Engineer: 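Please read through the structure below; I'll follow up with questions.
Bear in mind the structure is a predicted one, so any value in this text is a computation, not a measurement. Hydrogens, waters and symmetry mates play no part in the numbers below; they use all other heavy atoms, side chains included.
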Amino acid sequence: MLVLDEQQQAARDWFESLRDRICAAFEKIEREADSEASFRYTPWEREDAEGGPGGGGVRGQMTGKVFEKVGVNVSTVGGRFAPEFAASIHGAAEDPRFFATGISLVAHMANPHVPAVHMNTRFLTTTKRWFGGGADLNPAIPNPEDTDAFHARLRAACAAHDPTFYPRFSKWAEDYFFLPHRGVARGVGGIFYDHLECFEPGEGPTFEENFAFTRDVGEAFLDIFPKIVRARLRTPFTEDDMSKLLEFRGRYVEFNLLYDRGTLFGLKTGGNIDAILMSLPPLAAWT
């Protein structure tokens, strides 16, 4: 069993509480659509590279009338990175020991007018400590009202902490969530941040400051995404709309398997395969 310090435990507790509230909000939408769909939770554990306790997590997944497939995972893992992977991780080149806890969410929707969404926030410890994450909207059929509302809510969350956050992190999302082999964006963006490093008081942003921002990102997501879902879930759609959805999902798959850092991190650290690949849609198409 992993032994957590005060900061690690606080981050883990927050991610688990956010998971519980998000899942409850999504199940409420299913009830409003006359669906009894609920999340099913599957715990998993891992061993570290030396065979000792390496932590684990819980994979939550729901298949419903509105949410065709949604996964909300929380993991808390630790151990040592493999030497070749440690060199690519912030603060791990000289000491491969690590700890990571976070929440990861991907929702694929049944109606092509309801955008898919991704949200992830995390806290990592090597010889350094930092937060990362963000949220981005992924519509097969973009709606400017949804895009504007999503960005406005994230902009407000950023502005409460640092006026540079939204310009920096929205540009980071624009650059990161991009398929270079196709020359197209994965979606309509949001925010993405990483290496939001925690320092001692007086030396730079503290754990408390960065943790407060990360919590506000989670709260912003929980506030805005259910509103977007409710606004679009009864929109009529055609076979052509469904074709656009399936083709868009194909590009989503390409990004997550070729470029996504979270997928690579999970695979390189011996995570649960089903939890790592829960981001993949149930149906997709390539034309």
Side-chain angles (χ1 to χ4, degrees), residues 22-23 25-39 60-73 104-120 134-154 173-174 176-179 181-192 220-260 263 277-287:
I22 288 173
C23 291
F26 289 179
E27 288 179 351
K28 183 177 180 181
I29 292 174
E30 287 290 333
R31 300 297 172 271
E32 293 168 6
D34 298 321
S35 164
E36 294 300 316
S38 297
F39 278 87
Q61 189 166 318
M62 179 173 70
T63 299
K65 186 175 180 179
V66 179
F67 294 86
E68 185 173 356
K69 178 185 177 185
V70 54
V72 186
N73 298 336
S104 181
L105 177 155
V106 175
H108 293 288
M109 314 305 292
N111 187 316
H113 292 284
V114 183
V117 76
H118 161 256
M119 188 277 291
N120 163 260
D136 58 291
L137 202 64
N138 298 275
I141 304 172
N143 184 302
E145 292 182 6
D146 297 343
T147 302
D148 291 347
F150 191 78
H151 278 268
R153 186 63 185 84
L154 292 174
E174 181 181 331
Y176 177 63
F177 296 110
F178 187 82
L179 284 78
H181 64 284
R182 291 191 180 275
V184 298
R186 187 178 80 170
V188 295
I191 62 170
F192 178 81
F221 172 82
L222 181 55
D223 176 46
I224 189 58
F225 186 65
K227 293 177 181 177
I228 292 173
V229 174
R230 288 186 170 95
R232 305 295 166 208
L233 64 87
R234 293 182 175 82
T235 303
F237 57 89
T238 65
E239 289 187 10
D240 183 60
D241 293 335
M242 284 301 300
S243 295
K244 291 177 181 177
L245 174 64
L246 296 180
E247 184 172 352
F248 171 81
R249 285 179 176 178
R251 295 182 178 183
Y252 197 94
V253 170
E254 291 173 12
F255 179 88
N256 279 31
L257 293 183
L258 293 173
Y259 306 113
D260 186 74
T263 301
L277 298 182
M278 66 88 182
S279 62
L280 303 184
L283 295 172
W286 284 264
T287 58

Engineer: List the atom of Gly250, the atom of Ala284, and the distance in Å for their closest heavy-atom pair.
Structural biologist: N-CB, 3.9 Å

Engineer: Side chains of Pro112 and Arg232: does their closest heavy-atom pair fall under 4.5 Å?
Structural biologist: no

Engineer: Would you check if Val66 and Ser35 make a side-chain contact, meaning some heavy-atom pair closer than 4.5 Å?
Structural biologist: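 Of all side-chain heavy-atom pairs linking Ser35 with Val66, none is under 4.5 Å.
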
Engineer: As an exercise, state the distance from CG of Asp260 to CZ of Phe177, rounded to the nearest 0.5 Å.
Structural biologist: 7.0 Å

Engineer: Is a donor on one side and an acceptor on the other found under 3.5 Å between the side chain of Glu27 and the backbone of Phe39?
Structural biologist: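 Flag set: sc Glu27 to bb Phe39 pair under 3.5 Å.
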
Engineer: Between the side chain of Lys69 and the main-chain N/O of Leu280, is any donor-acceptor distance below 3.5 Å?
Structural biologist: yes

Engineer: Are side-chain heavy atoms of Val117 and Phe221 found at a separation under 4.5 Å?
Structural biologist: yes

Engineer: For Thr238, is there any backbone N or O sitting under 3.5 Å from a side-chain donor or acceptor partner on Asp241?
Structural biologist: yes

Engineer: So, His113 versus Asn143: side-chain donor-acceptor pair below 3.5 Å or not?
Structural biologist: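 Judged by distance alone, the side chains do not pair up.
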
Engineer: I need the minimum non-hydrogen distance between Arg230 and Leu233, along with the two atoms involved.
Structural biologist: CA-CD2, 3.7 Å

Engineer: So Met62 and Cys23, do their side chains get closer than 4.5 Å, heavy atoms only?
Structural biologist: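 Heavy-atom side-chain distance check fails, nothing below 4.5 Å.
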
Engineer: Could you state the interatomic distance from CD1 (Ile228) to CE (Met109), rounded to the nearest 0.5 Å?
Structural biologist: 10.5 Å

Engineer: Shortest non-hydrogen contact from Ala37 to Arg31?
Structural biologist: O-NH1, 2.8 Å

Engineer: Hey, could you give me the CZ/NE2 distance between Arg249 and His108, rounded to the nearest 0.5 Å?
Structural biologist: 6.5 Å

Engineer: Measure the shortest side-chain to side-chain distance between Arg182 and Glu254 over non-hydrogen atoms and say whether it is less than 4.5 angstrom.
Structural biologist: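 The answer is yes, as the side chains (C-beta and beyond) meet within the 4.5 Å cut-off.
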
Engineer: Could you report the tightest heavy-atom contact between Tyr259 and Tyr176, atom names first, then the distance?
Structural biologist: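 Closest approach of Tyr259 to Tyr176: O-OH, 3.8 Å.
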
Engineer: Please give me the minimum heavy-atom distance between Gly60 and Asn73, naming the atom from each residue.
Structural biologist: N-OD1, 3.4 Å

Engineer: Grab the two heavy atoms, one from His151 and one from Gly189, that are nearest each other, plus how far apart they are.
Structural biologist: NE2-C, 3.6 Å

Engineer: Show your reasoning for whether side chain to side chain contact (heavy atoms under 4.5 Å, CB included) applies to Leu257 and Leu277.
Structural biologist: CA-CA 9 Å; Leu257 293 183; Leu277 298 182; 4.1 Å; yes

Engineer: Parallel, tilted or perpendicular: which fits the ring planes of Phe248 and Tyr252, with parallel below 30° and perpendicular above 60°?
Structural biologist: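 Phe248 vs Tyr252 ring planes: tilted.
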
Engineer: Can a donor-acceptor pair be found, under 3.5 Å and without considering hydrogens, that links the side chain of Glu30 to the backbone of Phe67?
Structural biologist: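 The answer is yes, because a donor-acceptor pair under 3.5 Å joins these two groups.
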
Engineer: Enter the distance from Lys65:NZ to Glu36:CD here, rounded to the nearest 0.5 Å.
Structural biologist: 11.0 Å

Engineer: Any heavy-atom pair between the side chains of Ile22 and Phe225 that's under 4.5 Å?
Structural biologist: no

Engineer: Between Arg234 and Glu32, does any NZ, NE, NH1 or NH2 come within less than 4.0 Å of an OD or OE carboxylate oxygen?
Structural biologist: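 Salt bridge: no.
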
Engineer: Which distance, rounded to the nearest 0.5 Å, do you find between the CG of Leu258 and the CG of Leu179?
Structural biologist: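 Rounded to the nearest 0.5 Å, the CG-CG separation comes out at 7.5 Å.
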
Engineer: Just distance, no hydrogens or angles: give the donor-acceptor pairs under 3.5 Å from side chains in residues 134-141, sequence neighbours left out.
Structural biologist:
unit_1	atom_1	unit_2	atom_2	d
Asp136	OD1	His118	ND1	2.7
Asp136	OD2	Asn138	ND2	3.0
Asp136	OD2	Arg186	NH2	2.7
Asn138	OD1	Arg186	NE	3.2
Asn138	ND2	Asp136	O	3.2

Engineer: Is the side chain of Ser279 donor-acceptor paired with the backbone N or O of Val106 at a distance under 3.5 Å, no angle test?
Structural biologist: no

Engineer: Mind checking the CE-OG1 spacing from Met278 to Thr263? Nearest 0.5 Å is all I need.
Structural biologist: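 Answer for the CE-OG1 pair, Met278 versus Thr263, is 9.0 Å.
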
